[in-house]
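First comes the structure, then the notes that go with it.
Numbers restart at 1 for each chain; the letters A, B, ... are given by sequence-line order, proteins then strands. We use all heavy atoms of the structure for the numbers below, so side chains are in, but hydrogens, waters and symmetry mates are not. Computed from a predicted model, the values in this text were never measured in an experiment.
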Protein chains: 2
Amino acid sequence: MSEVTRPGGTRAIARDAVRARISEVAVDLFDEHGFDNVTVEQIAATVGVSPRSVHRYFPAKEDTVIGDPAGWGEHVRDQLAARPSEEPIWDALLASYEALLATPGRSEVQGRKAMRVLGSTPALRARNLEKHLLWARLLVPVVAERLEGDYRTLRAETIVQASLACFDIALTAWAETDAADSAVELLRRSFGALQPTA
Amino acid sequence: MSEVTRPGGTRAIARDAVRARISEVAVDLFDEHGFDNVTVEQIAATVGVSPRSVHRYFPAKEDTVIGDPAGWGEHVRDQLAARPSEEPIWDALLASYEALLATPGRSEVQGRKAMRVLGSTPALRARNLEKHLLWARLLVPVVAERLEGDYRTLRAETIVQASLACFDIALTAWAETDAADSAVELLRRSFGALQPTA
DNA sequence: GCCTAATATGTCAGACTCTGCCACTTCTGG
DNA sequence: CCAGAAGTGGCAGAGTCTGACATATTAGGC
């Protein structure tokens with residue numbers, strides 16, 4: 001997954017290109033040496049900019065891998081809001097995430113590498129999860145509207161966060177080197193783990 | 001939730017008391033001024049120790065709020081492993097978390113305050129999620145053993161992460177000032193949100 | 001093409017978190 | 001009482017990150 005494309009002139013294009021380049025270099029270095037063994041200074045030197053500039057493009061070192069998921073959260077929210085209102089909520093969520101996975105972004109090779117890096121360091125993975133909580137804030141009102149009965153917000157929170165866990169687990173599994181399944185197939189598997197079977 | 005009680009003589013007792021004191025002071029300061037506005041130096045000064053000592057007791061500043069998750073994760077894992085093997089997995093997980101909540105620890109006031117502080121800052125939330133990952137590593141093998149069929153690890157991961165989300169959401173709701181329900185009641189509500197109703 | 005305002009960049013100092021090292025202090029238990 | 005174990009604080013330094021500021025670059029209007 002890469003950044004949301006924003007129209008804004010040549011400078012915006014240049015900015016996005018610099019961001020992408022820094023991120024690409026960072027992910028490669030992390031993949032090779034481990035996140036904790038690569039400094040911001042090293043990333044900057046490899047790209048050919050100053051550390052100060054790296055920090056201008058990415059608030060934190062982790063964000064060179066994670067990127068800025070905010071735009072994608074809005075995308076999922078919009079997809080979810082557009083689902084038929086009588087559709088079961090789990091089906092609606094699954095379809096919304098699938099639509100997201102169908103959106104062009106990083107190449108498959110780079111995407112897998114980034115996910116592998118993400119899964120290799122607990123702090124990095126946790127920060128990624130924390131960023132995805134932003135998605136929860138966008139999705140919970142939409143889900144709550146489809147629920148009836150007591151504790152609607154609590155239940156909506158639960159369903160949304162469980163679905164985010166499915167998404168994370170599916171992508172993590174997909175990133176494993178020998179994974180033969182597509183990300184969508186694995187997503188369906190993890191969603192299925194929470195469906196009525198008992 | 002406080003530290004796991006470990007027999008080990010007077011020194012262990014003293015260590016636990018120092019940890020508890022540092023944590024109490026930290027949570028109070030964070031609650032009053034915000035996590036990012038309170039330095040480790042300030043916590044140390046208020047307690048009457050050096051910053052170096054604070055770092056001896058807590059690997060990271062965030063851990064002054066979160067505590068040591070390893071002991072509690074093992075506790076939950078042990079509770080889960082001791083459940084009857086034919087019990088539905090969701091019931092077994094719920095019972096294990098309930099047993100954890102029944103363990104004496106911080107006072108209710110301090111517990112609520114810590115949960116509120118936990119939810120207030122991205123860095124704290126992320127570190128708390130990292131704790132979830134640690135627990136997951138302990139719980140997934142136990143859950144996977146109770147599953148049959150394909151993709152057992154993926155499904156176990158999903159179930160465990162979803163249950164941890166339930167736990168987190170319940171505690172967060174409980175920490176809200178006007179919450180009238182007990183933490184256990186809220187935990188049952190969030191678990192219920194993932195049970196067959198559709 | 002020229003010029004100007006807007007934007008981008010690098011240098012620098014400093015704040016904060018965290019770690020390893022070491023000298024010194026405290027304390028437990030035989 | 002005493003020795004060894006454990007605890008403490010001071011210190012330097014590494015790494016991340018931020019604000020300030022001077023300088024460089026560039027887009028766009030004329």
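- A close approach under 4.0 Å does not occur between any side-chain nitrogen or oxygen of Tyr57(B) and OP1 or OP2 of dG7(D).
- The aromatic rings of Trp72(B) and His75(B) sit perpendicular to each other, their planes meeting at more than 60°, with 30° as the lower class boundary.
- Taking atom NE2 of residue His33(A) and atom P of nucleotide dG15(D), one finds them 15 Å apart after rounding to whole Å.
- Side-chain proximity of Arg15(B) to the nucleotides dG7(D), dG9(D), dG10(C) is greatest for dG7(D).
- In this structure, His55(B) atom NE2 and dC21(C) atom C1' are separated by 16 Å, rounded to whole Å.
- Taking atom CZ of Phe30(B) as the reference point, atom C1' of dC16(C) lies 13 Å away to the nearest angstrom.
- Taking atom CD1 of Ile13(A) as the reference point, atom C1' of dT26(D) lies 14 Å away to the nearest angstrom.
- We find that CG of Leu124(A) is positioned 13 Å from P of dT16(D), with the value rounded to whole Å.
- Using a 4.0 Å cut-off, no side-chain N or O of Ser50(A) falls inside it from OP1 or OP2 of dT9(C).
- Taking the side chain of Arg52(A) as heavy atoms from C-beta on, and the options dC17(D), dA6(D), dT11(C), the nearest nucleotide is dT11(C).
- Candidate nucleotides dG9(D), dC21(D), dG7(D) were compared by shortest atom distance to the side chain of Arg56(A), and dC21(D) ranks first.
- Salt-bridge annotation for Asp168(A) and Arg125(A): present, with a side-chain N of the basic residue lying under 4.0 Å from a carboxylate O of the acidic one.
- Side-chain N or O atoms of Lys61(B) include one that pairs as donor or acceptor with a backbone N or O of Val38(B) at under 3.5 Å.
- Between the side chain of Arg11(A) and the base of dG28(D), no donor-acceptor pair under 3.5 Å is found.
- Here dA14(D) presents its P atom at 18 Å from CG of Asp36(A), a figure rounded to the nearest Å.
- Below 30°, between 30° and 60°, or above 60°: for Trp90(B) and Phe191(B) the angle between ring planes is above 60°, a perpendicular geometry.
- When distances are taken from the side chain of Thr39(A) to each of dC17(D), dG15(D), dC18(C), the shortest belongs to dG15(D).
- Closest contact between the side chain of Thr10(B) and the listed nucleotides dT17(C), dT28(C), dT16(D) involves dT28(C).
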